[in-house]
Amino acid sequence: MTKARENSDYTGLQGDLAGLQTNITAGDTAARAGRKNWIINGDFQISQRGAFSSPTSITASPVYYLDRFRCKHNNISGTVVRQTNQTVNGKVTTTMSLTATAGSNGRVEAVQMIEDEVFNGQTVTVSAWVISNSASARLIIHQNGANIQTSSNAHTGGGAYELLKATVTCASNAGQLHIYTGIQAAATGNVAIANGDYFKMAFLQLELGSVATDFEHLSYSEQLRLCYRYFYNLTYLHPTYARFNFHYEASAWISLAINFPVTMRTMATFSHSLTNAKNKGSSPSAGEDKWCYYIQNTGFRGNAGSGNISGLGGNGITHGQCGTVNHSPNGHASHIFIGTGCTFQFSAEL
Amino acid sequence: MDYSNIVSAKYTFDNESIFCVVGTDNPLSVSVPVSTDNTDYQTLMQMVADGDLTITEADV
């Protein structure tokens with residue numbers, strides 16, 4: 001090998017190494033860049049309010065069903081359903097479907113409002129795999145501060161999964177982003193919609209930049225923890241009931257504190273289904289919308305006096321301070337047992 | 001929260017919350033904090049402004 005050839009090879013190798021180093025750095029940076037999907041529960045793993053495994057009617061007023069997704073219809077009727085073990089783009093996942101159960105000029109939609117306001121002047125891309133029989137199935141990025149809507153490509157309505165995506169450079173006053181999904185006009189208005197029109201979605205993602213990249217998968221526990229900031233359904237240490245210690249305050253007054261797994265977005269609304277009539281007087285069975293007191297050294301007890309458990313109220317950010325309720329008789333009620341069929345929830349949704 | 005089925009609404013004694021009974025057949029007790037960041041509170045205030053809801057004063 002000549003000296004000139006050696007020098008040429010060496011120079012070429014140096015060029016290859018420089019290119020390789022650039023690629024590694026870019027790839028490594030991307031890999032270490034942290035989370036990219038601003039949508040929470042974009043693969044619909046979490047559904048604390050219910051399974052919704054069969055079609056559930058949605059209303060004209062927006063209501064949360066699956067975690068972080070608020071659904072409604074306009075001028076028609078519709079359902080929402082969550083289906084597990086669906087194969088989409090070669091991957092097994094969970095989907096959320098909206099179906100019109102009446103036809104008219106209307107819409108069915110699910111929206112997620114992003115709490116963080118960090119998108120002013122930023123380019124963002126939303127994407128999802130969607131199957132639909134409607135050519136008005138789409139995703140929409142709504143800049144709430146600037147009142148600007150950007151639609152994805154509409155689905156062909158051909159009944160197969162298609163990747164829908166939209167990219168926009170947000171205004172300087174974009175504010176919160178609201179991501180609309182469903183069968184609707186490009187600016188979130190009504191469209192001609194027929195009974196049986198459906199919109200089924202998987203892998204919803206909102207990311208910075210102009211490219212729709214592969215969906216960022218998080219584990220169930222990671223997604224659940226993100227959802228807890230907005231909604232916390234009482235979780236159970238026991239398969240049939242939750243048991244909480246009372247704080248015995250004075251006389252027959254009692255209260256209980258429910259610690260939240262994460263700090264909630266704001267002071268939470270507390271909802272429960274406990275009434276005196278639902279006091280079973282014994283340990284609730286699995287799935288029962290029943291509850292009872294437990295009195296130290298006495299055992300399970302029902303109501304016996306003027307105490308009214310339905311008056312149990314209270315709110316919080318880091319914990320729900322629930323109480324106080326006047327418990328009768330004036331014994332040292334040490335615990336409350338709440339059946340798994342009871343509603344006992346805290347909401348701090350947007 | 002099912003705003004269309006509010007049976008009663010009343011401020012708690014310290015005005016920290018609005019205590020609502022929602023529904024009749026299987027009623028829910030709903031405690032909405034008096035907090036402008038809470039969207040349930042925002043909706044209740046809008047309902048009051050629209051004349052769609054009356055919230056009883058707290059017991060003294």
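Remember, it's a predicted structure, so these values are computed and weren't measured experimentally. So you know, we letter chains A, B, ... as the sequences are listed, proteins then strands, and number each from 1.
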Strictly below 4.0 Å, N to O, side chains only: are [X] and [Y] in salt-bridge contact?
X: A/K280; Y: A/E288; answer: yes
X: B/D37; Y: A/R265; answer: no
X: A/E349; Y: A/R68; answer: yes

Task: Most contacts with chain A, counted as non-hydrogen pairs under 4.5 angstrom, among B/V34, B/I18, B/L28 - done: B/L28

Task: Within residues 72-80 of chain A, residues adjacent to chain B where the heavy-atom gap is under 4.5 Å - done: none

Open item on the list: Quick one, A/F231 with A/Y64, criterion side-chain contact (heavy atoms from CB on, under 4.5 Å). Give me CA distance, side-chain angles, the key distance, then yes/no.
Closed with: CA-CA 10 Å; A/F231 186 81; A/Y64 283 91; over 6 Å; no

Task: Point-to-point distance, once rounded to the nearest 0.5 Å, from CG of A/L350 to CD of B/Q42 - done: 9.5 Å

Task: Between A/Q149 and A/Y180, a side-chain donor and acceptor under 3.5 Å - done: no

Task: Side-chain donor-acceptor contact under 3.5 Å, A/T269 with B/N38 - done: yes

Task: Region of A/S61 in contact with chain B, defined by heavy-atom distances below 4.5 Å - done: neither

Open item on the list: Using heavy-atom distances under 4.5 Å, tell me whether A/T266 contacts chain B through its side chain, its backbone, both, or neither.
Closed with: side chain

